[in-house]
Amino acid sequence: MRVALFVACYNDLLYPQVGRAVVRLLRRLGQPVEFPPGQTCCGQMHFNTGYREACVPLVQGFVRVFAGYDAVVTPSSSCASMVRHYHATVAREAADAGTDPSLPARVAEVAPRVYELSEFLVDVLGVTDVGARFPHTVAFHPTCHSRRLLGVGDRPERLLAAVDGLTLVDMPHAETCCGFGGTFAVKNADTSVAMGLDKVADVLASGAEVLTASDTSCLMHIGGLLSRRGAPVRVMHMAEILAGPEDGG
Amino acid sequence: MTAPDRELQPLAPQPLAPPEPGARGRAGRPFEPIPTYAGTPPFPRAARAALADTRLRANLQRATATIRAKRARAVAERDDWEALRLAGAAIKNEVLHDLPALLVQLERAVTDAGGTVHWARDAAEANAIVTRIVREHGATEVVKVKSMATEEIELNEALAEAGIAAWETDLAELIVQLGHDLPSHILVPAIHRNRAEIREIFRREMALAGRPAPDDLSDEPRELAEAARLHLREKFLRARVAVSGANFAIAETGTIAVVESEGNGRMCLTLPEVLITVMGIEKLLPRWQDLEVFLQLLPRSATAERMNPYTSMWTGVTPGDGPQAFHLVLLDNGRSDVLSDPVGRQALRCIRCSACLNVCPVYERVGGRAYGSVYPGPIGAILTPQLRGIVRHPVDAQTASLPYASSLCGACFEVCPVRIDIPGVLVHLRAQVVRQHPMGPHVPEPDELVLGVASWVMERPRRLSIAERAAGLAGRVVARRGGRIGALRGPWPVSAWFGERDLPAPARESFRAWWRRVGRGGAGSTPSGQERSRQGRAPEDAP
Ligand code: SF4
């Protein structure tokens with residue numbers, strides 16, 4: 001099975017440790033993974049803000065880079081949902097406009113093979129116990145896109161529950177949006193922050209040492225609020241917990 | 001997982017502004033000027049003002065949390081809920097597909113049953129029709145059943161201009177009207193008011209509008225309801241004309257249905273001599289039997305009740321029983337435009353249950369009035385811009401801000417009883433905003449610039465790689481300590497993000513650079529001691 005990693009642009013730049021964790025984890029599970037260097041961005045930010053034409057080259061690039069792989073795994077549930085739900089929409093519009101008539105067919109080839117990390121581990125590799133150890137109290141934030149758009153269900157919690165030493169704590173209002181919402185975070189900054197601060201209160205109420213999720217984007221927002229307030233809670237992507245510490249780090 | 005309620009601020013009653021002398025209307029005429037949504041600033045600004053109102057937030061948070069929990073329980077009782085939602089969506093799709101024929105069928109059935117049908121292209125036509133009918137019957141006041149359609153066309157204002165008083169009889173609408181206020185929720189229009197505020201409003205305003213509230217009125221719900229009952233009873237018995245909306249209209253039989261919880265609507269629908277119903281053209285159902293689906297979907301979604309307390313249905317006029325003249329005003333007011341958009345038209349399936357408002361994390365924090373429309377919350381964000389013609393022409397800045405008033409969390413879609421994909425319509429409308437607003441040479445919006453640069457970078461991996469190196473350098477310069485960038489000043493979007501949030505400094509080495517250097521060769525895969533010991537647990541059969 002040829003597996004490609006789609007790291008997602010903001011992880012590439014701001015959270016490279018998340019990409020390294022996915023590589024480390026998959027290799028440990030005996031699954032080789034490649035990073036096709038032609039990859040950039042899934043286009044979600046543009047799509048969700050209304051800049052549809054700008055998405056066309058990004059979708060074309062995505063299918064070109066990832067065609068031919070049996071599976072594409074990404075540590076971003078939000079990007080996975082963009083690819084699986086909306087790349088077809090972008091492609092249809094490009095075809096209707098006559099820009100790229102075969103784009104829908106190419107998207108239909110690639111998009112269904114894109115998996116968020118927990119889906120890939122549980123459904124494709126058939127693993128829930130990845131053999132990790134993490135002796136800490138952890139709260140899990142089920143991000144809206146992972147739960148509602150992608151439908152990952154309780155896969156992430158099952159993976160976390162199997163981690164040696166990890167205590168998963170309940171967080172109040174866990175299923176409520178943290179207020180990130182992509183460009184919503186800056187277009188409606190006041191509302192976004194108000195939502196985020198309620199989430200921060202819930203994180204603190206949970207008593208967890210670490211907050212984790214399957215999306216770094218939400219964690220960037222919640223973590224940014226926590227950090228500004230000097231709160232003693234670390235945010236970590238789920239992949240970092242499942243992969244364990246890096247060599248020498 | 002059950003979550004404890006968030007802690008609520010105690011609600012200190014705050015004195016309301018005293019009535020200005022001489023500002024009240026004369027007897028028989030309610031209040032002027034009647035507030036409208038005109039002048040609401042674009043959503044981000046309106047939201048900021050609402051967020052600053054801590055009492056409003058506490059009221060909303062408590063009210064929506066209660067309704068949310070109750071709805072979830074009521075829905076969980078039905079194991080065929082998903083099938084009911086699918087049926088509801090399918091019936092409404094059928095209505096939208098066959099709308100012209102069904103409307104004609106409805107007109108014939110209503111006329112055969114002794115009613116009169118009027119067609120109104122827009123608010124002005126609808127208001128003129130209602131005003132004319134009231135005048136023809138020599139009435140100077142009407143009692144009203146709670147209705148979104150009449151609020152949409154600002155009927156009360158139009159009637160007031162014609163010297164006709166319109167009395168709201170739904171308890172919450174009465175509170176809003178007496179408070180010279182605007183509704184902030186579809187179903188609970190006074191959701192932003194607490195009991196203490198309501199007592200103040202009743203004590204101060206009831207006397208100016210009719211029967212006064214008792215001097216010793218407390219804020220006990222029972223006493224408040226009793227004061228409202230006595231005040232309204234006088235109006236029910238006196239009024240000769242009633243105005244209502246409609247929840248459903250059955251094309252097959254010409255039957256109109258209104259569902260409500262208080263029975264005040266029932267009084268309006270049965271006591272006066274003349275009944276005028278204003279309904280949006282999408283409120284149709286093809287067959288009587290379709291009510292089976294909707295009378296299950298609506299109460300559980302709206303008030304978390306298994307069955308609706310008062311369901312009034314009437315077909316034309318029945319001699320000797322109830323109103324002896326019935327007028328049905330069919331209102332378009334932009335709906336045909338909505339229908340012309342294949343993605344946006346699903347908004348017309350809406351049955352105004354308000355479940356989407358109650359679960360919306362944005363609505364919960366900013367309330368209804370920030371949306372600047374009678375339709376607040378997620379449904380308002382997709383319906384208002386469409387009714388205002390966004391499909392056909394550029395719209396004002398407030399309207400254009402509505403599709404962005406959402407984090408796209410999808411909670412609304414999850415609860416909508418007719419499965420409207422609200423997030424999908426929101427991003428569709430955002431594309432309309434972007435497409436329609438760059439008209440001719442224009443100064444680009446900041447987000448257009450930022451995203452424009454981003455897409456130029458993202459189109460070529462090489463550009464991205466250079467940008468990452470530049471960002472890595474820049475980030476380390478501004479990062480203060482702990483690899484984080486703290487409070488930063490700058491133009492939007494820098495200011496918007498860093499006002500309250502930090503950001504990690506861009507990494508010294510991007511993932512892409514790491515892969516080029518060592519990742520490809522398998523570095524990072526060397527198991528550490530601890531990992532080595534547990535590695536055997538990875539399944540052998542991993543493909
Ligand atoms: S959009 Fe759906 S959930 Fe919202 S009010 Fe309409 S029917 Fe109810």
Side-chain angles (χ1 to χ4, degrees), chain A residues 1 7 9 11-14 16 19-20 23-24 27-31 35 37-38 40-41 46-52 54 57-58 125-127 129 131 133 144 148-149 170 172-174 176-177 179-181 183-191 193-195 221 224-225 227-228 244-245 247, chain B residues 1 3-4 43-44 47-48 51 361-362 365-366 404-405 407-411 414 427 430-431 433-434 447 451 454-455 458-459 461 464 468 471 484 486 492-493 496-497 499-504 506-507 509-512 514-515 519 524-528 530-531 534-535 537-539 542-543:
Chain A
M1 183 171 62
V7 75
C9 54
N11 283 328
D12 188 3
L13 174 66
L14 293 171
R20 296 198 299 268
V23 172
R24 197 158 70 245
R27 285 181 176 163
R28 191 176 78 213
L29 295 171
Q31 176 59 60
F35 176 78
T40 61
C41 166
H46 296 84
F47 185 86
N48 282 351
T49 314
Y51 294 84
R52 294 242 173 138
L58 299 176
L125 296 187
V127 199
D129 184 347
R133 179 173 162 73
C144 303
R148 299 206 180 91
L149 219 57
D170 277 356
H173 314 98
T176 303
C177 178
F180 172 64
T183 49
F184 177 78
V186 285
K187 273 175 131 17
N188 279 284
D190 300 284
T191 311
V193 165
M195 291 161 70
H221 165 71
L225 291 163
S227 147
R228 178 64 58 89
D247 283 345
Chain B
M1 178 165 53
F43 191 82
R48 189 180 314 145
L51 287 166
V362 173
R365 288 171 181 84
V366 305
Y404 294 92
S407 63
L408 304 177
C409 81
E414 202 169 57
V427 293
R430 291 176 185 188
V433 170
V434 167
D447 64 334
L451 288 169
S455 60
M458 298 299 180
E459 272 171 35
L464 177 56
E468 279 170 357
R484 293 213 152 242
W492 190 96
W497 180 274
E500 293 286 344
R501 290 167 284 214
D502 293 346
L503 196 68
E509 181 180 52
S510 70
F511 179 80
R512 163 185 318 270
W514 172 82
W515 179 270
S525 65
T526 323
S528 66
Q530 171 243 98
E531 284 164 4
R534 294 174 58 86
Q535 208 176 11
R537 296 175 62 183

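Chain identifiers are assigned alphabetically (A, B, ...) following the order of the sequence lines, protein sequences preceding nucleic acid strands; residue numbering begins at 1 within each chain.
- Within the 4.5 Å cutoff, no side-chain heavy atoms of B/Glu509 are placed close to those of A/Pro16.
- The aromatic rings of A/His221 and A/Phe180 are tilted relative to each other, their planes meeting at an angle between 30° and 60°.
- Checked by atom type and distance alone, the side chain of A/Asp190 never pairs as donor or acceptor with a backbone atom of B/Ala47 at under 3.5 Å.
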Side chain to side chain contact (heavy atoms under 4.5 Å, CB included) evaluation trace for A/Arg52 with A/His46: CA-CA 7 Å; A/Arg52 294 242 173 138; A/His46 296 84; over 6 Å; no
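- Between chain A and the options B/Ala405, B/Ala496, B/Ser407, heavy-atom pairs under 4.5 Å are most frequent for B/Ser407.
- Both the backbone and the side chain of A/Leu225 come within contact range of chain B, with heavy atoms under 4.5 Å apart.
- Looking only at heavy-atom pairs under 4.5 Å with chain B, the residue among A/Thr191, A/Val193, A/Asp12 that has the most is A/Asp12.
- With a 4.5 angstrom heavy-atom cutoff, B/Glu500 touches chain A via backbone and side-chain atoms both.
- In terms of non-hydrogen atom pairs under 4.5 Å with chain B, the most contact-rich of A/Val7, A/Leu13, A/Leu58 is A/Leu13.
- Each of A/Ala185, A/Gly179, A/Pro37, A/Cys9 has some count of heavy-atom pairs under 4.5 Å with chain B, and the biggest count is that of A/Ala185.
- With contacts defined as side-chain heavy-atom distances shorter than 4.5 Å, the pair B/Arg430/A/Thr49 does not qualify.
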Side chain to side chain contact (heavy atoms under 4.5 Å, CB included) between B/Phe43 and B/Arg48: does it pass, once the steps are laid out? CA-CA 8 Å; B/Phe43 191 82; B/Arg48 189 180 314 145; over 6 Å; no
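- Heavy atoms of B/Leu408 lying under 4.5 Å from chain A belong to its backbone as well as its side chain.
- Contact annotation for B/Trp497: both backbone and side-chain heavy atoms come within less than 4.5 Å of a heavy atom of chain A.
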